Amino acid sequence: MIKILMVCLGNICRSPLAEGILKSKLPNNNFIVDSAGTANYHVGNSPDKRSVAVARKYGLDISNLSGRQFSVADFDTFDYIYVMDASNYNNVIALARDENDKGKVKFILNEIYPNQNYDVPDPYYGGDEGFENVYKMLDEACTTIAKSLL
Ligand code: 4NP
């Protein structure tokens with residue numbers, strides 16, 4: 001079983017989308033895909049309705065996902081930890097216990113722009129077009145991730 005965790009700040013906008021998109025590109029018998037937020041603001045909440053809507057537009061249902069906070073135990077559970085931006089990266093790395101933990105943490109957009117450490121912009125305070133833009137970036141990155149794992 002290969003286990004992949006998507007991480008953003010609130011676990012209601014970007015990482016639930018990344019979770020839903022990557023799940024749709026992998027067979028579910030050999031892979032576990034999950035998501036978490038570095039903050040605890042939205043623990044137990046459904047994804048933002050704008051993320052649910054853009055996912056639905058592209059044929060994915062992420063409405064049943066529930067927000068949770070990233071924890072140190074996630075370093076034990078997951079093989080790959082994809083962060084959305086530099087702030088997430090710093091927050092997750094700060095919890096790493098050793099080099100093995102740190103080595104699991106990757107910027108998701110480095111899958112399509114190697115070594116650039118680009119951010120997936122936080123769409124929370126913007127309009128619907130921000131969610132469309134995030135969806136397209138994540139779809140491209142997840143296509144590359146799925147290809148590399150299959
Ligand atoms: P996310 O977006 O990290 O992509 O889930 C955010 C969601 C909520 C907040 C910030 C970003 N917030 O400040 O509540």
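Counting starts at 1 for both ligands and their atoms, following the listed order. None of these values were measured; they are calculated from a predicted model.
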query: Any idea which heavy atoms bring Arg50 and Tyr124 closest together, and the distance?
result: NH2-O, 2.9 Å

For residues 18-32, which side-chain donor-acceptor pairs fall under 3.5 Å, sequence neighbours excluded?
{"residue": "Glu19", "atom": "OE1", "partner": "Ser35", "partner atom": "N", "Å": "3.3"}
{"residue": "Glu19", "atom": "OE1", "partner": "Ser35", "partner atom": "OG", "Å": "2.7"}
{"residue": "Glu19", "atom": "OE2", "partner": "Lys23", "partner atom": "NZ", "Å": "2.6"}
{"residue": "Ser24", "atom": "OG", "partner": "Ile21", "partner atom": "O", "Å": "2.6"}
{"residue": "Lys25", "atom": "NZ", "partner": "Asp139", "partner atom": "OD1", "Å": "2.9"}
{"residue": "Lys25", "atom": "NZ", "partner": "Thr143", "partner atom": "OG1", "Å": "3.1"}

message: For Arg14 and Asp119: C-alpha separation, side-chain torsions, deciding distance, then whether salt bridge (Lys or Arg N to Asp or Glu O under 4.0 Å) applies.
response: CA-CA 11 Å; Arg14 292 165 293 177; Asp119 291 346; over 6 Å; no

Atom-level proximity to ligand 1, residues with heavy atom under 4.0 Å: Cys8, Leu9, Gly10, Asn11, Ile12, Cys13, Arg14, Tyr41, His42, Asp122, Tyr124, Tyr125

task: Kindly state each residue pair satisfying salt bridge (charged side-chain N to carboxylate O under 4.0 Å, His left out) with at least one member in residues 54-64, sequence neighbours excluded.
output: Lys57-Glu132

With Asn40 via side-chain hydrogen bond (donor to acceptor under 3.5 Å, both in side chains) - residues at least two apart: none

field: Exceeds 12 heavy-atom contacts within 6.0 angstrom, atom CG of Asp98
entry: yes

